[in-house]
Amino acid sequence: MANKITYREINQDIIGFMTNTGIWYYIVLGFMALGALALFFAPWAYQIYTGQGVTGLNVPIFWGVYLVNFVFWVGVAHAGTLISAMLFITKTPWRRSIARGAETMTFFALILVTLFIFIHMGRPWNFYWSFPYPNQRLLWTNFQSPLMFDVFAIGTYFTSSAIFLYFGMIPDLAALKHHTTGWRKWLYTTLSLGWRGTDRQWHVQGKATMFFSSFIMPLVVSVHSIVSWDFALSVVPGYSKTIFAPYFVTGALLSGFAGVVLMLTLLRWFFPFVRKYVTEYHYDSIGKMILLLSLVWSYCTIMEILTGLYANTSEEMESLKYKILTDPYMQLFALMMFSNTILPLVLMIKKVRITPVIMFFICIFVMVGMWLERYLIIPNALSRKFLPWMWYDYFPSWVELSITAGAFMFFIAMFMASIKIFPVFSLFELKEDAGIPMEKPHGEG
Amino acid sequence: MKRRDFLKYLGSGIVGTGVGLAFGKVTKPPGAKLIPYLIPPEDVIPGVATWYASLCTQCSAGCGILVKVMEGRAKKIEGNPLHPVNKGRLCARGNAALQALYNPDRIKGPMKRTGERGSGKYKEISWNEAVSILGRNLSELDKNGATEGLYVLTSTLRGHLNTLIREFMSSYGSPNYMQYELFQHRNLIYANRVSMGLDAIPHYDIANTRYLLSFGADFSSTWLSPVNLSHGYGEMRQGGARRRGVLVQVEPRLSLTGANADEWVPVRPGTEGVLALSIAHEIVAGGYYKGADASSWKELLSGFSPEHAARVTEVDAGRIHHIAKEFVKTRPSLAIGGDNLSAYRDGLSCLVAVNILNHLAGNIGRKGGVVPNPAGLLKGRTGTELRKDRITALAKSALEGDVKTLIVYNTNPVFTTPAGVKLERALRNVPFIASLSSFMDETTAMADLILPSHTSLEDWGDDFAEPSTGVRVATLMQPAVSPVFDTRGAGDIFISLAKALGGKVGERLNYKGFPEYLKESWRKIYANNKEVAAGALTFDGFWNRLLEHGGWWQTEEPRHKPRSVSVRRVKAHIPTSPSEFEGDEGRYPLYLVTYPHAGYLDGRGANLPWLQEMPDPMTAVVWGSWVEINPKTARKLGIKQGDLVTVESPYGGIDLPAFLYEGIRPDTVAVPIGQGHRLYGRYAEKRGVNPIEILPVAEDKRSGELALNSTRVRLERKGADGKLVKMGVRTEELGRGIVQTITPEEFERIAGKEEA
Amino acid sequence: MSKIVKKVKERLRDFRRPGYYKEFEYNWTMVIDLDKCNGCEACVVACHAENNLPIVGKDECSKSRAFNWIRIERYVEGEFPNVKVKFIPIMCQHCNSAPCELGCPVYATYHNQDGLNVQVYNRCVGTFTCATYCPYDVRRFNWFTYKWPEPLDQQLNPDVTVREMGVMEKCTFCIQRIRVAKDRAKDENRKVRDGEVVPACVQSCPTGALVFGDRNDPKSRVAKLAKSPRRFRLLEGLNTDPSVIYLKRVMKKSGSKKHGEHG
Amino acid sequence: MDTIKKLVLCAVIAVVTFGIGYKVSDAYFGNRTPAQPIEFSHKIHAGDNQIPCMYCHSYAERSRVSGVPNVKRCIGCHSVIKPDSPEIQKLKNYWENKEPIPWVKVYNLPDHVYFPHKRHIKAGLECQMCHGDVQSMDRITRVSSLKMGWCLSCHTRKKVKNGRDCWTCHI
C-alpha cells in the first residue's frame with residue numbers, strides 16, 4: 001500500500017479535485033446533461049404524450065427494452081451494496097478506496113431504476129397507486145404481485161443505500177467544510193450535522209455503519225432475487241425457472257463490479273491522483289471477484305439451458321431454440337457467452353488483472369454481455385409463448401433505443417456532477433489506509 | 001434573507017396561486033349539458049335500448065335482423081331469432097352494416113357534377129333541384145320519343161322496391177330495367193330450370209343431411225345464404241342425437257368450407273363437371289339407381305367412367321367410386337355446387353351435373369336434400385330474363401349510343417366487370433348518368449348527378465328471400481334511425497321523380513312516399529292471401545305485427561314435393577369436356593381461381609373498417625389482397641411468403657403479395673375479389689388489387705353469366721416486400737394439443753354417452 | 001396443530017385472493033364446440049361492434065397490435081393434398097386460477113363474484129404484467145388513444161367504457177349484458193335464466209358453436225355440455241382452471257390415407 | 001449570479017404555487033351551483049307545489065338515467081299556469097323554435113362509472129339522499145362530492161351486496 005501518503009496529501013488531492021474543475025470537465029458534463037435531456041427526457045415526454053405505442057412493444061411482447069434497462073441498472077447498483085456492506089462486515093481491505101465510488105454509483109443507478117419503472121408504465125401519472133396507502137376509496141394493493149414485491153424491494157434498497165451513502169460521508173463532509181468557502185462551506189456545514197470527530201462520534205459512526213451493513217446485507221441477495229421473481233413467478237416458458245434468483249443476483253454482481261472497474265479506470269485515466277489510491281492491488285482483487293462471479297454466472301446459464309433441455313417440452317425447446325439458434329439472437333447469445341464466460345477466463349492470469357486497460361475492455365464486454373443476457377430473457381421469452389399463432393418478434397423503436405442511450409448519459413452526468421460536490425473517495429477511510437501518521441496533520445481528520 | 005427579497009418571493013407565490021386558481025377555473029371543462037327531448041318519442045327510455053326488427057342488405061341472402069338503438073343511434077345489429085333464414089344468427093358482414101350507416105365517407109347530400117366526368121368535382125345542390133334536373137332529363141327523352149333510352153341498373157332487388165321501379169319503367173315506357181351483381185347465382189337458377197324445371201334456387205337442407213358433397217360451394221363464408229347454411233352445418237355436425245354428418249368438398253383451392261370438410265378432393269380446375277358425372281356413372285353402374293330410366297342414364301353417362309375421369313380430373317378412380325358409394329348409401333345425402341363451379345365457362349353444365357347427382361341419389365324434394373321453395377308472395381324476376389340482364393349487353397348498348405340516361409342504384413359495375421368489357425368507356429358514352437349511391441364508388445364517379453340514397457338502416461323496404469328455407473318468407477325493412485345525412489330512400493326518389501315527370505308515370509305512382517307504397521302493396525298481399533292474413537283481424541294489426549316481428553313467414557315444416565331430372569332435359573346441358581381457359585398452357589402455366597372475400601364479397605364491404613381489419617378466415621390477411629400459391633410452385637419460382645408477385649394473364653397483370661398456402665393445387669393460384677378500389681372512401685381506396693381487371697370477357701356458353709374462372713396466368717417474382725399483413729405467425733401446433741381432436745370412430749364410441 | 005395450520009392456510013388464501021369468492025353466485029362459462037366452429041369470423045366483428053374495440057389500421061396490424069378480444073387461430077397440418085386445417089376461437093379464458101390476477105400490483109384485474117376475470121380500466125396503471133403472464137395472449141393494450149372519425153363514433157356502445165391510452169383490456173364475457181340480465185332478474189326477484197345472457201360472439205355465431213351460461217345451474221345447456229366426453233380446456237397443463245370449455249373436433253388423424261384407396 | 005438565483009427561486013415558487021392554486025381551484029371552487037338557461041325553481045315545483053320528483057324525472061325508476069322532462073311536458077302545464085312570467089316566456093321561445101333547453105348538468109359522473117338510478121330507487125333510497133334538499137333550492141346546488149369514497153361510504157354503511165366490488169360500478 002501507499003504508505004507514504006500523508007493526510008495532507010489526501011486532503012489536497014480530493015479537495016483539489018472537487019474544487020478545481022477544468023473547462024473540459026464542464027464541456028463533457030454539459031454534453032452529457034444535454035444528451036440526457038435530448039435522448040432521455042425528450043423522448044420520454046413524447047412517449048407520455050403519445051402513448052406507449054411509440055415503442056416497439058406489441059402483442060405478446062409487452063416487456064421490452066425498458067424492463068431490460070430496469071434489470072440492468074438494478075444490477076449495476078448491486079456492487080455498491082456488496083462492496084460497502086458485505087465486504088465491510090468481512091473486513092476486506094481493498095474495499096476502502098473504492099467503496100464510496102461504488103455507493104455513489106448505486107445511488108444514481110437506483111434513480112435510473114425508478115425512472116425506468118415509470119417509463120415502462122402505460123399511465124405513469126398514476127404511479128402512486130402502487131403504494132399501499134389508506135384511502136377513502138378502500139383500494140389496496142396486491143401484495144401477491146411480484147411487482148408489489150419490487151416496489152418494496154427497490155424502495156427499501158433506495159432508502160437504505162441513500163442513508164448508508166450519506167452516513168458514511170458525514171466525517172468527510174465535516175472535514176471538507178474546513179477546506180472550502182462559499183456555498184460549499186454552507187452545504188458541508190449543514191450536511192455534516194455538527195460532526196466534530198470526537199471519540200464518541202467515531203464510535204457511534206462505526207457502530208452505525210456496522211449496523212447498516214448488516215441490515216443492507218440481505219438486500220444484496222433479496223433485491224435482485226425479487227426482481228427475478230417478476231419473471232420467475234409467471235408461467236411463461238423461458239421465465240418460469242427456479243434458478244432465476246441466484247442467476248440474477250450473480251449477474252447483477254458481475255455487472256456491478258464491471259461497472260466499478262469502468263468507473264475507477266476512467267477516473268484513473270483522467271485524474272492521475274486517483275492512481276495513488278486505486279492501485280494494482282484493487283484491480284487484482286476485483287479481477288478475482290469478477291472471475292469468480294463469471295464462473296458462477298456461467299454455471300447458472302448452462303443450468304438454465306439444461307433444465308429447459310431436460311424438460312424437453314415443446315414450449316421450452318422452442319423458447320431455447322429462439323434464443324440460441326435463431327438469427328440474430330444466435331449471434332447475440334454467442335456474444336453474451338463470449339463476454340461473460342470465455343473472456344473473463346483470462347482474468348486467471350494475474351498480469352491481466354493488474355493491467356487497467358485490459359480490465360477496462362473486459363469489463364466493457366461484461367457490461368454488454370450482461371445487458372444482452374437480460375435482453376435475451378425478457379423480450380425473447382415473450383416472443384415464444386404458448387400459442388404459436390401469437391408468436392411475434394420484437395425490435396425496439398428509436399424511442400426505446402434513445403432512452404436506453406440517454407440513460408447512460410444521464411447516469412454519467414449525474415455521477416460527474418455528484419463527484420464534484422461530494423467526495424468520490426472516502427477521506428477518512430483513505431486515511432485509515434494510509435495508517436497512523438507520524439506527524440500531526442494540518443487538516444483535521 | 002432581505003425583506004425586499006422576501007416580498008418578491010411572497011409576491012411570486014401569490015401571483016402563482018392566483019394564476020393557478022384562475023387557470024383551473026378557465027380550463028375546467030364546461031359542465032356537460034343535459035339536453036331534453038322536445039317531444040318524447042314513444043317507448044324510448046334513455047339508457048335503455050330499443051330494438052327494431054329489420055332486414056339485412058349486406059348480401060342477397062335476406063336475413064332478418066334486430067337493430068339495437070339507444071338515444072336514436074344504432075348501436076348493434078343482431079340476428080332476428082324468429083327469422084327462419086338466419087335463426088337469430090348473423091355473419092360478419094351483417095354486423096358491419098352499422099359502419100355503412102355511420103361511414104365518414106358517405107355522400108352527404110345530392111350533388112351535381114361540375115368538372116369533367118370522372119374528375120370527382122361536384123357541387124352540392126338541394127333535393128328539389130336534383131330531382132328536377134333528372135326529371136327534366138327524362139321529360140326531354142319522353143318528348144323526343146326516346147323513352148327506351150332510359151336504363152335503370154340496380155342490384156338484385158326482390159322486394160317492393162323492385163316492383164316500384166318496374167312500374168315506373170313500364171309506365172314511363174322503357175323495358176330497360178336491369179339487375180346486376182357479380183354474384184347473382186343465375187347459373188344456379190338456370191341449371192335448376194333446365195334440369196328440374198324449377199325456376200328458382202331451392203333450399204339445401206344441410207342441417208338434416210348426413211353426407212354433404214359440395215362442389216366448390218363455400219357456404220361458410222359467402223355462398224347463397226351463408227348464415228342459414230352455416231347454421232345447417234352446425235346442426236349437421238353436432239345437432240344432437242343424430243349421426244354426425246360428413247362433408248366432402250371438391251375444389252381446387254381449399255376454401256373455408258373445404259377447411260372444415262372431412263375430406264378435400266383437390267380436383268383439377270374446370271373438370272368438376274366431369275367428376276360429378278363420373279360419380280353419377282358409378283351410381284348408375286353400381287345399380288344404386290332404381291329409376292325406370294336407369295338404362296338411358298347409363299347410356300348418357302357411358303363416357304364418364306372413373307378411369308377416364310381420373311385422367312382428366314386427377315382424382316383416383318377408386319376415390320370416385322368410394323364417394324359415389326358413400327353418396328348413395330348414406331341417407332339422406334346432398335350434393336351442392338356453387339362459387340368456383342358456377343364460375344367456369346360451362347358453369348351451368350357443371351351445376352346441371354350436380355343436379356343429376358342429387359336426382360340419381362334420390363335427394364330432390366326430401367328432408368336433408370334439395371327442398372324446392374314454395375312460390376313467393378310476390379312475383380319477382382323470372383329466369384327468362386337471364387340472358388337479357390347482362391352487363392355486357394348494357395356496355396354494348398351504351399357504346400352504340402342506345403343508352404341515353406342511366407340510373408344506377410346499389411351496384412358498382414365499373415368495379416365488378418373485367419376491363420375487357422370496357423364498361424367505363426361505354427359509360428362515358430352515356431349522355432346522362434344518375435347515381436343513387438350513398439358512397440363515391442367507381443361507378444358513382446361517372447355520374448352527372450348523385451342522389452344519395454339511404455342505407456338499409458334508415459330506409460323502408462322488404463325482401464322475399466331466395467333461397468328461402470323451404471317456407472315462404474317475407475322480411476320487412478324499417479328505419480331504425482333517422483337519416484344521418486341529407487339522403488332519401490331509393491323508392492322515395494323514384495316516387496318524387498314520378499311526381500316531377502307527371503303524366504302517366506305520375507298517375508301510376510301517385511303516392512306520398514315509398515312507405516305508403518310499401519304499406520299499400522302489403523295491403524294487397526294481405527287481402528289476396530289467406531295464409532298471410534290468418535290470425536290478424538285488421539290490416540293495421542297485421543302491419544304492426546309485421547313491424548314487430550320483422551316480417552312474415554310460414555311456421556310449419558316445409559312440404560316436400562319430389563321433382564326429378566330427366567335425361568331428355570339435361571342431355572344438351574351436361575359438360576362433355578373440361579372447361580376452357582384463356583391463355584396458352586405453355587406461356588401461362590397456372591389456373592387462376594378468383595373467389596369472393598368473406599368480408600368484402602364483390603367489393604362492397606371494403607369500405608367498412610371492421611371488415612378490413614377482420615382477418616381473412618383462411619389466410620388471416622388484413623387490409624390488403626394476396627395471391628395464394630402452393631409452396632411447391634413457389635419454391636420452383638423462387639417466391640417466398642410475402643414477396644411481391646406479378647400475376648399476369650393474357651389480359652393484363654396485377655402486383656400483389658404472395659401467400660404460400662398448402663391448401664391449393666400446385667397448378668393453381670387464387671386471388672380474392674373485393675379489394676383494389678380506386679375510389680370508395682378512405683378505408684377502401686388504394687388498398688390491394690382487383691383481380692377482375694385481368695379476367696377475360698368470358699361468358700358462360702349457355703347462360704351468358706360472366707365466367708370468373710376462365711383464364712390461365714403466370715407468376716413472376718417482382719420484389720421482396722409485398723407488404724403482406726396478416727394475423728398469426730405460425731400455424732403449426734408443435735404437438736401442444738391446442739386444438740384437440742378425436743377420430744370419427746372414437747366419436748361414434750362415445751356419442752352414446754354424450755348428452756346434448 | 002394441523003387444525004391451526006389449516007386455519008392459517010385458509011386465512012392466507014383469503015388474504016391472497018381478496019375478491020375471490022369461495023362460492024360463486026353464478027359461474028359463467030362458455031362452451032365452444034370445435035366440431036361446429038367453421039372459422040367464419042362473425043364473432044370477431046360482433047365483438048368489435050359490441051365492445052367499442054378500435055380499428056388500428058394496416059401499419060399497427062403489421063406490428064401485431066390489432067384489437068381482437070376474440071380471435072380465431074388456425075392451425076394447418078400436412079402438405080398438399082393431405083391438408084388439415086383446424087380452427088379455434090380464443091378469447092379470455094376467465095381462469096379461476098388466473099396468472100394475470102397474480103401479477104397486477106393494483107388489483108386492476110381480479111376475480112369477481114360471478115367467477116369472471118375482470119379488468120377495471122380506471123384502476124389500470126399499465127404495467128403490462130397481466131398480459132405478460134397470460135398464457136393465452138388475449139390481453140390487448142391501448143397503445144394510443146384511438147379516435148373514430150365522425151360519425152362512426154355514434155356507433156359506440158354507451159354501456160361499455162371507451163378506453164384511453166395506457167390501459168389494458170380484454171374480453172369481459174360481455175359483462176354489460178350480464179349486468180342487464182341480472183338487473184332484470186333482480187327486478188323480478190329471481191335468478192338469471194339460462195340463455196338470458198348472450199354475449200355478442202355467441203349471439204352472432206352462425207353455426208351455434210358457442211354456448212354461454214351459468215354452470216352452477218345444473219339444468220343449463222353449458223352445464224350439460226361441460227360434461228361432454230369431448231371436453232378439454234386450453235393448455236390445461238398450466239392448471240389455470242379456465243371457464244372456457246372446448247369440445248374436441250371430430251376429425252380423421254392427419255396422415256391417414258385417402259379413403260378411396262382402401263375402398 | 002445573485003439576480004439569476006433569485007429569479008430562479010421566484011420561478012420555482014411561482015410554479016409550485018401555481019400547481020397548488022390549480023388543484024385548490026379544482027377541488028374547492030368548482031361551480032356547484034351553475035346558472036341555468038331558465039331560472040327553473042325546484043322550490044316552487046317540488047317544494048311549494050309538491051310535485052313528485054318522478055313526475056318530471058320519469059325514467060329514474062326504469063332506467064339508469066333519471067332524465068329531464070321533455071319540453072312538451074313543461075309546456076303542457078305552463079300553457080295554462082303563469083304563461084306570462086318572463087321565465088316561462090323563455091320556455092315558450094324554446095318550444096316555438098323547436099329547440100331543446102340546454103340545461104347545465106349539475107351531477108356529472110365520468111364515463112367509466114355505471115350508476116343506475118333505477119337500482120337506487122328500487123332499493124328505497126330517497127332522491128334527497130344524494131341530491132340534497134331539492135325542494136328548498138331555487139337553483140340546484142350539488143351537495144355531494146360524487147367521489148368514489150362518497151359512494152363507498154354509503155355502500156359500506158348499507159352493506160350493499162357486492163357493494164364494494166369494482167365491477168359493481170365500473171366497466
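Just the heavy atoms: all of them, side chains too, but no hydrogens, waters or symmetry mates, feed the values below. Chain letters run A, B, ... following the sequence lines, proteins first and then strands; every chain starts at 1.
- For B:Val484, the part lying under 4.5 angstrom from a heavy atom of chain C is the side chain only.
- For B:Ile323, no part lies under 4.5 angstrom from a heavy atom of chain C.
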With ring-ring contact (aromatic ring centres under 6.0 Å, His included) as the criterion, how do B:Trp264 and C:Phe80 come out once you've worked through the C-alpha distance, each side chain's angles and the decisive distance to 0.1 Å? CA-CA 10 Å; B:Trp264 172 41; C:Phe80 176 86; 5.6 Å; yes

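- Ring-centre distance between B:Tyr683 and B:Trp610: not below the 6.0 Å cut-off.
- Residues C:Phe144 and C:Glu60 come closest through the heavy atom pair CE1-OE1, 3.5 Å.
- Ranked by heavy-atom pairs under 4.5 Å with chain C, the list B:Glu746, B:Arg687, B:Arg665 is led by B:Arg665.
- Contacts of B:Pro615 with chain C are made by both backbone and side-chain atoms, with heavy-atom separations under 4.5 Å.
- Closest approach of B:Pro631 to B:Glu662, counting heavy atoms only: CG-OE2, 3.5 Å.
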Give the C-alpha distance, both sets of side-chain angles, the deciding distance and a yes or no for side chain to side chain donor-acceptor pair (under 3.5 Å) between B:Gln238 and C:Asp35. CA-CA 7 Å; B:Gln238 297 290 340; C:Asp35 202 31; 2.5 Å; yes

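- Annotation: B:Lys108, atom NZ; neighbour count of heavy atoms from other residues, nucleotides and ligands within 6.0 Å is above 12.
- If you measure heavy-atom distances from C:Pro89 to chain B, you find no contacts under 4.5 Å at all.
- For C:Ala209, no part sits under 4.5 Å from any heavy atom of chain B, backbone or side chain.
- Only the side chain of B:Arg682 comes within contact range of chain C, with heavy atoms under 4.5 Å apart.
- Residue C:Cys37 touches chain B through its backbone alone, counting heavy-atom pairs closer than 4.5 Å.
- Contact of B:Thr743 with chain C is made through backbone and side chain together, with heavy-atom distances under 4.5 Å.
- Listed options C:Pro158, C:Ala66, C:Gly208 were ranked by heavy-atom pairs under 4.5 angstrom with chain B; first place goes to C:Pro158.
- Counting heavy-atom pairs under 4.5 Å between each of B:Met618, B:Glu71, B:Lys632 and chain C puts B:Met618 at the top.
- Contact count against chain B (heavy-atom pairs under 4.5 Å) is highest for C:Arg74 among C:His48, C:Arg71, C:Arg74.
- In terms of non-hydrogen atom pairs under 4.5 Å with chain B, the most contact-rich of C:Gly57, C:Cys40, C:Gly237 is C:Gly57.
- Nearest heavy-atom pair across B:Glu733 and B:Ile738 is OE2-N, 2.9 Å.
- Interface residue B:Ala259: backbone and side-chain heavy atoms are both found under 4.5 Å from chain C.
- In this structure, B:Gln675 and B:Gly688 approach most closely via the heavy-atom pair CB-CA, 4.2 Å.
- The contact between C:Val56 and chain B is made by backbone and side chain atoms together, counting heavy-atom distances below 4.5 Å.
- Your options are B:Asn95, B:Asn260, B:Val227, and the one with the most heavy-atom pairs under 4.5 Å with chain C is B:Asn260.
- Across all their heavy atoms, C:Glu196 and C:Arg193 have their closest contact at OE1-N, 2.8 Å.
- Within the 4.5 angstrom heavy-atom criterion, no atom of B:Lys726 approaches chain C.
- For C:Asp159, the part lying under 4.5 angstrom from a heavy atom of chain B is the side chain only.
- Neither the backbone nor the side chain of C:Tyr246 comes within less than 4.5 Å of any heavy atom of chain B.
- If you measure heavy-atom distances from C:Ile55 to chain B, the contacts under 4.5 Å come from both the backbone and the side chain.
- If you tally non-hydrogen atom pairs under 4.5 Å between each of C:Ala200, C:Pro149, C:Cys61 and chain B, the highest count goes to C:Cys61.
- With B:Asn228 contributing its side chain and B:Val85 its backbone, the two residues share a donor-acceptor pair below 3.5 Å.
- No part of B:Asn86 comes within reach of chain C, as not one of its non-hydrogen atoms sits under 4.5 angstrom from that chain.
- Between chain C and the options B:Val265, B:Leu254, B:Ile664, the largest number of non-hydrogen pairs under 4.5 Å is found for B:Ile664.
- Formation of a donor-acceptor pair under 3.5 Å by the C:Arg177 side chain with backbone atoms of C:Val198 is found in this model.
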Apply the test side-chain contact (heavy atoms from CB on, under 4.5 Å) to residues C:Lys252 and B:Glu263: give CA-CA distance (whole Å), side-chain angles for both, the deciding distance (0.1 Å), then the verdict. CA-CA 9 Å; C:Lys252 283 175 206 148; B:Glu263 218 180 301; 4.0 Å; yes

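- Although no hydrogens or angles enter the test, the distance criterion places no donor-acceptor pair under 3.5 Å between the side chain of B:Ser230 and the main chain of B:Tyr233.
- Only the backbone of C:Glu150 comes within contact range of chain B, judged by heavy atoms closer than 4.5 Å.
- The two residues B:Gly72 and B:Tyr102 make their nearest non-hydrogen contact at O-OH, 4.5 Å.
- Of the atoms belonging to B:Asn630, it is side-chain heavy atoms, and not backbone ones, that fall under 4.5 Å from chain C.
- The parts of C:Phe87 that come within reach of chain B are both its backbone and its side chain, each placing non-hydrogen atoms under 4.5 angstrom from that chain.
- Looking at C:Asp153, neither its backbone nor its side chain comes within 4.5 Å of chain B, counting heavy atoms on both sides.
- At distances below 3.5 Å, at least one donor-acceptor pair connects side-chain atoms of B:Asn103 with backbone N or O atoms of B:Asn607.
- When the candidates C:Glu50, C:Arg221, C:Glu236 are compared by the number of heavy-atom contacts under 4.5 Å with chain B, C:Glu50 comes out ahead.
- Judged by distance alone, the side chain of B:Asp218 and the main-chain N or O of B:Thr257 form a donor-acceptor pair under 3.5 Å.
- Proximity to chain C (any heavy atom under 4.5 Å) is shown, for B:Lys87, by neither the backbone nor the side chain.
- Side-chain contact, C:Gln154 with C:Trp148: no donor N or O sits under 3.5 Å from an acceptor N or O.
- Remark: side-chain polar atoms of C:Gln203 are paired, donor with acceptor, to backbone N or O of B:Gly88 under 3.5 angstrom.
- Here C:Leu152 is the residue among C:Val44, C:Leu34, C:Leu152, C:Val85 with the most heavy-atom pairs under 4.5 Å with chain B.
- Per-residue heavy-atom pair counts under 4.5 Å with chain C were compared for B:Ala598, B:Gly234, B:Gly624, and the maximum is reached by B:Gly234.
- Your options are B:Gly94, B:Pro666, B:Ala96, and the one with the most heavy-atom pairs under 4.5 Å with chain C is B:Pro666.
- Within the 4.5 angstrom heavy-atom criterion, only side-chain atoms of B:Phe485, from C-beta onward, approach chain C.
- With hydrogens and angles ignored, the 3.5 Å screen pairs no side-chain donor or acceptor of B:Arg253 with any backbone N or O of B:Glu251.
- Both the backbone and the side chain of C:Ser62 come within contact range of chain B, each with at least one heavy atom under 4.5 Å from a heavy atom of that chain.
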